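Data block below; observations after.
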Amino acid sequence: MSKDALRPPRGTRDFYPEDLRLRSWLFDHFREISRRFAFEEVDAPIVEHAELFIRKAGEEIVDQLYHFELHDRHLALRAELTPSLARMLIARAGGLRLPVRWFAIGQNWRYERMTRGRTREHYQWNVEIVGEPDVTAEAEALAALTSLWDALGLPREAVRLRVNSRALLEEVLRGGVLRGREEAFAPLCVVVDKLHKIGADAVLDQLADPAGPVGLARDDARWVVDALSARSLDEAASAAPPDSPALAALRRLFELLDAYGIADRVDFDASVVRGLAYYTGIVFEGFDTAGTLRSICGGGRYDALIESLGGPSLPAVGFGMGDVVVSELLGELGRLPSPGRGVDDLVVPLDDARRPLAMRLAARLRGEGRSVELALGTGRLKRALAHANRIGAARVLIVGEDEAARGVAKVRDLASGEEHDEKIW
RNA sequence: GUGGGCGUAGCUCAGUUGGUUAGAGCGCCGGGUUGUGGUCCCGGAGGCCGGGGGUUCGAAUCCCCUCGCUCACCCCA
């Protein structure tokens, strides 16, 4: 066995018990918030037909696909959950009662270079609302996100949401610099999405690159970059067409967010477009206000994806939040818990003759739903108590000769040190 | 892909004018007597010093190569 084979492949993680307890803590919150919002959990295979993920917009996520040929099939590890969920929806499209409220927690794979906060696999909480064209769906999604942050113990001021509308940007551009070249809109969004990362000048260069996918005139590109600097709806309105439906939708969304009491946690930001090609309307992302991490979640409306995959025309809103970035943020804020093992009882036979009784006791306690470890050896009692301490057990139940004769166990409460007898059955 | 930093015990790390049997803390195991933990005291196990080659009487230490980790840049939902 080579040394390499004894390590997890680069960008992947092993989860030891303490790591998995933390992950489970996080997933428990994903599930609990999903439950409170009445989302139903679904799951899909981690391997899909590569075709499901391929789109034409120069997206990073597609370039980073883990894919391979097996016999005559071209397969891929999923890079995101949304296409799989869309596929599942299509399969049952005829019998669905809309709107559908689904969520999934799944591992996604992207072959990318490792840096801080970026691994090649990560788990994502994915929430989708399908069949609702109104921004009431977006409001649900955003409320679920802030509820999750609160549940995780993230301070209210530590994380915020940025919201924009691709539909608004499209309205503005369709009547202007992209007139007659609507196909350039998706690649334009991919470029614009990099604004926070590579800066306005670099975006300008890429938009104006004659050999690039967008190929705007330099002045037009400059106009686009300027338009993206809007940070309020009123500012954005000045560039929008009169009676813009997209602008009206944004205004209505903020009204709804206000009703949920979270409008003050959401900013309008014209530069947010998200990098995925399939978004068509409202888009949003969560970010840490300290600005040290990449976006911690993102999503938006994708009204055309399901139809483009061969399904019916179904409006949809969804978002994903990964485990890696949010864990880093929690760590930086000192909010990562260290969940214990949750063992209730350690049952200790003091000698082998007492073992059958101890087993009977352990079985009874387990039958009552308690988490019980049975000491498998018969070392000294001192060691057993130290072990109980280490695993965080609340009680130690000792079965010795004297107790056995009376049909009881001596129960020691680890926290108080108090002891009493308890019948074995 | 470019550049920097780092690979020494399970973990976090000391350890250079090159010099005996390579260290600490934590963790682990055992002991401090007979059936009672967390503290304390004592003891112990555990390391081809990432790998290979070279220089040297002698290399964890210097040189070269290589692998791995990591950070920055490049790139990038």
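Note that the coordinates shown come from a computational prediction; the quantities given were computed from them, not determined experimentally.
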For nucleotides 40-46 of chain B, tabulate all protein N/O to nucleotide N/O atom pairs closer than 3.5 Å, reporting atom names and distance.
none

> Quick one: salt bridge (Lys or Arg N to Asp or Glu O under 4.0 Å) partners of A:D19, sequence neighbours excluded?
Replying inline: none
>> Please give me every residue in residues 370-382 of chain A whose heavy atoms get under 4.0 Å of an atom in RNA chain B, ordered by residue number.
In response: A:R380, A:L381, A:K382
> How would you list all residue pairs meeting side-chain hydrogen bond (donor to acceptor under 3.5 Å, both in side chains) that involve residues 211-228 of chain A, not counting sequence neighbours?
Replying inline: A:D205-A:R218
>> So A:G320, base contact, sugar-phosphate only, or nothing? Heavy-atom distance under 4.0 Å.
In response: nothing
>> Quick check on contacts: within residues 329-346 of chain A, what sits under 4.0 Å from RNA chain B by heavy-atom distance?
In response: none
>> Of the options B:A77, B:G37, B:U36, whose atoms approach the side-chain atoms of A:R274 most closely?
In response: B:A77
> Relative to the ring of A:F30, is the ring of A:W125 parallel (under 30°), tilted (30 to 60°) or perpendicular (over 60°)?
Replying inline: parallel
>> What's A:E419 touching, base or sugar-phosphate or nothing? Going by heavy atoms closer than 4.0 Å.
In response: base
> Would you say a side-chain N or O of A:R390 is under 4.0 Å from OP1 or OP2 of B:C29?
Replying inline: yes
> Where does the angle between the aromatic ring planes of A:W25 and A:H29 fall among parallel (under 30°), tilted (30 to 60°) and perpendicular (over 60°)?
Replying inline: perpendicular
> What pairs meet the side-chain hydrogen bond (donor to acceptor under 3.5 Å, both in side chains) rule with one or both residues in residues 297-306 of chain A, with sequence neighbours excluded?
Replying inline: A:E128-A:Y302, A:E138-A:R301, A:R301-A:D303
